[in-house]
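Read through the structure below, which is laid out as structure tokens, and then see the notes.
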Amino acid sequence: MTARLSSFESSLDELGVSVTRVDPGSLCERLDELITAPAVGVAPEEAFDDPSLSLAETAIEVDPTPAALREATTGVTGARVGVADYGSVTLSMTDRGSELVSLFVDRHIAVLRAADILATMEDGIDALDDEIGRTRGSSIIATGPSATADMGALVNGAHGPRDVHVLVIEEEGS
Amino acid sequence: MATADELRELMRTEGAAVATNTQAFNDGRYASVSDLEDYEALKREARAIKEDAIERLPELLERLTETVEENGGTVYLADDAADANEYIRSVAAEREANRVVKSKSMTSEELEVNEVLEKDGVDVVETDLGEWVLQLADEAPSHIVAPAIHKSRDAIAELFNERFDPDEPLETAEELTRFARETLGEQIIDAEVGLTGANFIAAETGTMALVTSEGNARKSVAATDTQITVAGVEKIVPTVSDLQPFVELIGRSGTGQDITSYISLLTPPVETPVVDFEDDTTPISEFDNDREFHLVLVDNGRMDMRDDEHLRETLYCIRCSACSNSCANFQSVGGHAFGGETYSGGIATGWEAGIEGQDVAAEFNDLCTGCTRCVNACPVGIDIPWINTVVRDRTNRESEGPADWLVDGLTPDDEDEGAPLQKRFFGNFETVAKLGSATAPVSNWLAGTTVSRQFMARFLEVDPRRELPTFERETLVDWFADRESTVVDPERRAVLYPDLYTNHVQVDRGKAAVRVLEALGVDVVIPQVPSSGRAPISQGMVATAADHAERVADTLAPHVADGRDIVVVEPSDYAMFQREYERFVDEERFTALADGSYEILEYVYGLLENGSDVSALATTEDGAVAYHSHCQQRTLGLEAYTVAVLEECGYDVATSDVECCGMAGSFGYKSDYYELSMDVGDRLRKQLQVDGVRERPVVASGTSCLEQIDALLERQPRHPIELLAE
Ligand code: SF4
């Protein structure tokens, strides 16, 4: 798994996406360092069904109003799966609006569990096939910031975030 | 058909931007696919999925309809564009939509749905930045993936500044992007309907894949309460897991990105709450997600394409744009010339013929020279040049033939009498060449006279700026007939195939080939063999080409059975044996000939590898050459053999990497295309003129390449075999 994590990190590095490892205990602290205020979020506890991953202790406004979302600079959401060889994360759509929070901001921070990093895109798609087969849900395979070359040169930050950061939670003993 | 004037104008106004961008994509593709562990296997997998999906299309359509309805959406199967538009109109009307925001969709362009909605007073906004630029400029896309590829940053800045008159004039790509993002961002959150395309749709779950980078498709769906997706019926695949090879290939093949920023896998209606963006009291999670979803699946000729044995392959196309970017002609003129109503690039011929009709495809189909550089680039292995050939053949058949008096004696095969005179002239080049050699030097002298050049310019549209090939009085076959083999105890026995050019025009390279082969201990014979059919096939004269193939296969079969290898000098003829003959002769004869034939330098390489002594050849201590491989030769993976042999003979070899020299058989001779051909050639010229290469003698494998380089440079190029025979 360490190999996967480092391969994931080097893929992200090539994409110009910064990545931080964190243990569960210091998640909130690290998030507070990484956000540019104002920040909104969908608690990763929802994505991972793990109450310990709450954002209550952070400066992040959880479940914001649409107006607050539009004012926000940073959006924090969970990411279900990481794909090591591409540096991709998968963002599941939820009725709490994680799609909005990860998209209508300048800076997206994706929180991912190290154990959810898969080696290849094939594994990633299989995981999505399984998830979508069960839930008939929707997911984004997101790789790096939004970008466009339509204006004569490559520019990060087209309609979506111009800056992406991935926070990898390393469980103890993992 | 674009005239020489129109092409010249396009090259002048759009050529530079198109060339820079397409070449960057193309280079990116090479770099990106080389990172894949098994690129070829991935392409085969992608191909197999598409083949299977199109085969099972009716069943998958039914399944998809079920799943989308289970998910709470609606499916509408539209027969044609009018039908689809009527449905989309009714959805927008029912929703009382003031604004529809669109993400990039070729299918919606095919429908021309914007105009229809606008007539109803709906504000239709393209949110892909490139599409938005074109919407503002009222221009058509010039590329299937990067629609505004023909516009420079300066032109976009000028457009925005004029149109919006910002406080500070916009200038950098950064500023332009920011401005577009803000302007469009406001419009998106205000819209009722989001209209998207789909790159793939998985029948099993009703999940669509959208391949994007900007995030506008995500926003168009997330910010509206009604999602309409239009997609051709060919987009259906069985399951989400079938998407894997496409996810890995589509970005790499197109713009050279390993993967685009977002691959959205949407199983609509999506869960995201439908929010009021002005609301500053209600938390997002308290909004309902009561979205409507309408999937409009468009036939518009596709089911007929599925039944058409030649056009069917077009339906495998995933619209990645590799066939545009890898195309030398496209790199010069872009999709405004090399394209039809909606689609552009090599595969556009198939799409436009199937969707709009033969006549639309005929408008630009001649820009495909059959160089095959797109074939290996296509992630689903479509034989794009073949589709172009078939459509050209059909076009020939639909048109009136030229007056008999012009054709008499020139064109022995009347299967293709619909073809225009110019095509029949080039297509029957064998007759011309035979006549040319028989009457040389008079024929050469005559061809150079004003009267004859005027005739050619007028009726054959041969550009007067081109030098014509000079026919040799003594053909290679005649020369060989008078000589004795010099090999007593042969290592191998071979037929040197007397291709048209080697036999009639570049006889010296044929003689050199004989000398090299004999020096390496090969017993050579050169029988009379018909020409390969390359010339007629390039003019879309399929029946004539097939007839050539039959005769060549028949003539060579006894030699192959007798244990002789078939060795070919001209790469385009060798490529016929390896690729096109599969369509023309039965499997047994095809395989025997394909397996038993070799390109000349490939053969020499094999001999050297198997123990022949290189010292039997002309070698050098410190020679340096520049080598331009032939397009079809490179597609077959043969360039490396020539380079290896030259290196073994002591040469330092600098290679070109342009996709094609621009001559491409008869293409560069035609008046309409002469300047385009020279524009393409100019990229090769530059590579041959850089420091460290400029001084080197040039060698090239193809006849066309040799003629083109001769026209481009002072230095006279030669075939590499001639270096080995000195
Ligand atoms: S034909 Fe092949 S290369 Fe061309 S756009 Fe379609 S998939 Fe891409």
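Proteins get letters first, then strands, A, B, ... in listed order; numbering begins at 1 in each.
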Engaged part of B:Ser241 at the chain A interface, taking heavy atoms whose separation is under 4.5 Å: both
Nearest-0.5 Å distance, CD of residue B:Glu204 to CD1 of residue A:Ile132: 12.5 Å
Engaged part of B:Ile149 at the chain A interface, taking heavy atoms whose separation is under 4.5 Å: neither
Option in A:Thr94, A:Asn156, A:Val164 with maximal non-hydrogen atom pairs under 4.5 Å from chain B: A:Thr94
Backbone N/O of A:Ala158 and side chain of B:Arg181: donor-acceptor pair under 3.5 Å: yes
Between A:Asp126, A:Leu100, A:Thr90, the one whose heavy-atom pairs under 4.5 Å with chain B are most numerous: A:Leu100
Contact leader toward chain A among B:Asp276, B:Asn289, B:Val270, B:Val240, where contacts are heavy-atom pairs under 4.5 Å: B:Val240
B:Lys219 (side chain) donor-acceptor with A:His159 (main chain) under 3.5 angstrom: yes
Between CZ on residue A:Phe104 and CD1 on residue B:Ile284, distance to nearest 0.5 Å: 9.5 Å
Contacting moiety of A:Leu154, where chain B heavy atoms sit under 4.5 Å: neither
Nearest heavy atoms of B:Thr281 and A:Thr65, plus distance in Å: C-CG2, 3.6 Å
Pairs of heavy atoms under 4.5 Å with chain B: top-ranked of A:Val42, A:Leu128, A:Leu103, A:Asp130: A:Leu103
Over 12 non-hydrogen atoms of neighbours within 6.0 angstrom of CD in B:Glu37: no
Over all atoms of both residues, closest heavy-atom pair of A:Gly160 and B:Tyr262: CA-OH, 4.4 Å
Greater than 12 external heavy atoms within 6.0 Å of B:Glu139's CD: yes
A:Ala67 to B:Asp280 - nearest heavy-atom pair and separation: CB-CB, 3.4 Å
Test item: B:Arg218 side-chain N/O and A:Ile140 main-chain N/O as donor-acceptor pair under 3.5 Å: no
Nearest atoms (heavy-atom pairs only) where A:Pro66 meets B:Thr282: CD-O, 3.1 Å
Side chain / backbone / both / neither for A:Thr120 at chain B, heavy atoms under 4.5 Å: neither
Residue, of B:Ala157, B:Ala223, B:Ala146, B:Gly130, that accumulates the most heavy atom pairs under 4.5 Å with chain A: B:Gly130
B:Glu69 CD: over 12 foreign heavy atoms closer than 6.0 Å: yes
Atom group of B:Asp242 that falls short of 4.5 Å from chain A, counting heavy atoms: neither
Full working for side-chain contact (heavy atoms from CB on, under 4.5 Å) between A:Arg70 and B:Glu278: CA-CA 9 Å; A:Arg70 288 179 67 194; B:Glu278 306 296 329; 3.5 Å; yes
Interface residue of largest heavy-atom contact number with chain B, from A:Asp106, A:Asp85, A:Leu91, under 4.5 Å: A:Asp106
Residue selection (most heavy-atom pairs with chain B, distance under 4.5 Å) from A:Ser92, A:Gly87, A:Gly144, A:Ala142: A:Ala142
Candidates B:Thr67, B:Asn71, B:Thr267, B:Thr205 - the one meeting side-chain hydrogen bond (donor to acceptor under 3.5 Å, both in side chains) with A:Arg136: B:Asn71
Under 4.5 Å from any heavy atom of chain A - which part of B:Ile189: side chain
A:Glu14 CD: over 12 foreign heavy atoms closer than 6.0 Å: no
Straight-line distance of A:Ser138 OG to B:Leu210 CG, nearest 0.5 Å: 10.5 Å
Residue pair B:Ser285 / A:Asp63, side-chain donor-acceptor N/O under 3.5 Å: yes
Heavy-atom pairs under 4.5 Å with chain A, option from B:Leu243, B:Val247, B:Thr20 with the top count: B:Val247
A:Thr148 versus B:Glu214, side-chain donor and acceptor atoms under 3.5 Å: yes
B:Ser261 side chain vs A:Pro145 backbone, donor-acceptor pair below 3.5 Å: yes
Region of B:Leu176 in contact with chain A, defined by heavy-atom distances below 4.5 Å: both
Heavy atoms from other residues, nucleotides or ligands near CD of A:Glu57 exceed 12 (cutoff 6.0 Å): no
Presence of salt bridge, A:Asp150 and B:Lys104, under 4.0 angstrom: no
Segment of A:Leu15 engaging chain B (4.5 angstrom heavy-atom cut-off): neither
A:Thr143 vs B:Gln257 side-chain heavy atoms within contact, under 4.5 Å: no
Any donor-acceptor pair under 3.5 Å from B:Asp258 side chain to A:Tyr86 backbone: no
Intermediate values then yes/no, salt bridge (Lys or Arg N to Asp or Glu O under 4.0 Å), A:Arg96 and B:Glu286: CA-CA 8 Å; A:Arg96 307 182 72 88; B:Glu286 284 176 26; over 6 Å; no
Part of B:Glu175 within contact of chain A (heavy atom distance under 4.5 Å): neither
Structural part of B:Thr177 lying under 4.5 Å from a heavy atom of chain A: both
For A:Glu122 against B:Gln244, the heavy-atom pair lying closest together: CA-CG, 3.7 Å
side-chain contact (heavy atoms from CB on, under 4.5 Å) evaluation trace for A:Met151 with B:Val133: CA-CA 9 Å; A:Met151 297 293 157; B:Val133 166; 3.8 Å; yes
From A:Met121 atom CE to B:Leu36 atom CG, the distance as rounded to the nearest 0.5 Å: 11.0 Å
